[in-house]
Amino acid sequence: MDPARLLGRLLDPLARAMLEGPGVPAFDFARPPGEPALVDARSVSWRVFRNPVALFTGGVAAVILELAEPAVRAGVWDHSSFRTDPVGRLRRTGLAAMATVYGARSAAEAMIAGVRRAHERVTGVTAAGLPYRADDPELLRWVQATAVWGFAGAYHAYAAPLAPPDLSRAFAEGAPAARLYGVPDPPRSLADWEALLARAAPRLEPSPVLGEFLGLMRGAPVLPRPLRPVQRLMVRGAVALVPEPLRAHLRLGRGFRASEAALLRRFGALAERVDFPSGPPARALRRLGLPPDFFTAARSPNAARSPTPAPPA
């Protein structure tokens with residue numbers, strides 16, 4: 001049997017447990033039959049989100065930038081279970097991300113509506129004494145944009161390089177879900193993201209919370225014990241995605257060694273070939289009546305093939 005296929009079968013129960021564990025809302029990616037998702041099956045997003053290396057690495061990178069924003073940091077750290085139940089929080093966040101890409105449109109819209117109702121109850125004051133609300137459109141824009149940047153950037157850097165048009169497509173594909181979450185004008189291109197990052201940079205700041213978060217991501221039992229070194233490698237890869245000089249400003253530590261980046265790219269390339277029969281992508285394909293080999297047969301013609309890609313700034 002092909003090693004990638006064997007790996008997929010061995011890890012399929014783990015992938016299923018990550019999205020169906022205790023405290024994770026039930027969500028059926030296989031129903032209702034024939035109903036499209038918020039994002040087209042031939043999208044960049046459908047390719048990016050099926051790669052677990054890109055998802056974990058990019059998710060950690062996105063949260064780094066989110067926690068660097070004082071109001072977002074206060075909302076996330078004071079009103080979530082990151083510190084007490086990091087794996088449960090990852091499961092719920094992962095399900096929400098998968099639902100907006102692979103879930104049937106009606107089910108994704110219902111899930112997002114529930115998240116918005118929860119956001120309405122989250123208010124507080126930052127350490128500097130500034131009031132915040134979790135449903136503030138500016139804060140939501142930052143969270144949504146960093147998520148797209150993280151996932152697409154990790155995929156580009158460590159799985160399969162993406163040309164600039166595809167990186168821009170990833171932002172455009174995230175816009176419908178962003179508007180449902182309450183973002184009136186989400187970034188729709190790589191240029192929009194770069195402009196947003198430049199505007200946000202002056203208010204981003206280092207914090208002990210960043211070190212605490214990274215420590216949790218390195219040590220939380222996300223992967224089985226034999227794969228924990230890979231988990232720690234992905235956390236270091238996430239830090240490396242943060243562009244300089246912002247990485248130095250946030251005091252995130254040393255950079256990624258070339259040998260580490262090369263090793264993570266090997267894992268990312270292997271993950272490109274792994275299918276999880278119980279995972280959201282496979283279930284969504286069955287819902288839409290698409291063949292199991294859909295992803296290998298529907299590569300974007302814009303995909304670049306560079307052996308040493310650089311993540312987007």
Could you check if a side-chain atom of [X] sits within less than 4.5 angstrom of a side-chain atom of [Y], using non-hydrogen atoms only?
X	Y	result
L214	L252	yes
M98	L55	yes
S189	E194	no
W142	L65	yes
Y158	R265	yes
V60	V239	no
L95	P25	yes
P186	R141	no

Test question: given the 4.5 Å side-chain rule for I, L, V, M, F, W and Y, name all other residues clustered with V183, or answer none. L140

Spacing of [X] atom [atom1] and [Y] atom [atom2] [to the nearest 0.5 Å]:
X	Y	atom1	atom2	value
R117	D135	CZ	CG	13.5 Å
E173	S168	CD	OG	10.5 Å
R47	R42	CZ	CZ	13.5 Å
I64	L250	CD1	CG	8.5 Å
D166	S43	CG	OG	10.0 Å
D192	D185	CG	CG	7.5 Å

Picking from E69, R73, R251, what satisfies side-chain contact (heavy atoms from CB on, under 4.5 Å) with E205? R73

Is the shortest distance from a Lys or Arg side-chain nitrogen in R50 or D275 to a carboxylate oxygen in the other one below 4.0 Å? yes

Can you tell whether the side chains of E244 and R247 come within less than 4.0 Å, N to carboxylate O? yes

Of all heavy-atom pairs between [X] and [Y], which one has the smallest distance, and what is that distance?
X	Y	result
G174	Q144	O-NE2, 3.4 Å
T126	A71	CG2-CA, 3.8 Å
A118	V122	O-CG2, 3.6 Å
G150	L241	O-CD1, 4.3 Å
R133	E120	NH2-O, 3.5 Å
V148	F171	CG1-CD2, 3.5 Å

Return yes when atom CZ of R83 has more than 12 non-hydrogen atoms of other residues, nucleotides or ligands closer than 6.0 Å, and no otherwise. yes

Where do L197 and L246 land on the side-chain contact (heavy atoms from CB on, under 4.5 Å) test, with the steps shown first? CA-CA 10 Å; L197 179 60; L246 182 57; 4.3 Å; yes

Backbone of [Y] reached by a side-chain donor or acceptor of [X] within 3.5 Å:
X	Y	answer
N51	G268	yes
W149	A62	no
E66	T146	no
H156	L162	yes
S80	W77	no
H249	P202	no
W193	A145	no
R228	P221	no
R283	D28	no

Go through V209 and F82 one step at a time and tell me if the side-chain contact (heavy atoms from CB on, under 4.5 Å) criterion holds. CA-CA 11 Å; V209 168; F82 254 129; over 6 Å; no

Sequence neighbours excluded, which residues qualify as ring-ring contact (aromatic ring centres under 6.0 Å, His included) partners of F27? F29

Is there a path of hydrophobic side-chain contacts, each under 4.5 Å between heavy atoms, that joins L90 and L227? yes

Take Y155 and E272 through the side-chain hydrogen bond (donor to acceptor under 3.5 Å, both in side chains) test and state the conclusion after the steps. CA-CA 10 Å; Y155 184 88; E272 276 290 273; 2.7 Å; yes

Go through the steps for L180 and T100 under the test side-chain contact (heavy atoms from CB on, under 4.5 Å), then give the verdict. CA-CA 10 Å; L180 289 172; T100 61; over 6 Å; no

Classify the ring geometry of Y102 against F49: parallel below 30°, tilted from 30° to 60°, perpendicular beyond 60°. perpendicular

List the atom pairs, donor and acceptor, that lie under 3.5 Å between side-chain atoms in residues 231-238 and the rest of the protein, sequence neighbours left out.
| from | atom 1 | to | atom 2 | distance (Å) |
| --- | --- | --- | --- | --- |
| Q231 | OE1 | L223 | N | 3.1 |
| Q231 | NE2 | M217 | O | 2.8 |
| Q231 | NE2 | A220 | O | 2.7 |
| R236 | NE | E260 | OE2 | 2.8 |
| R236 | NH2 | E260 | OE2 | 3.2 |

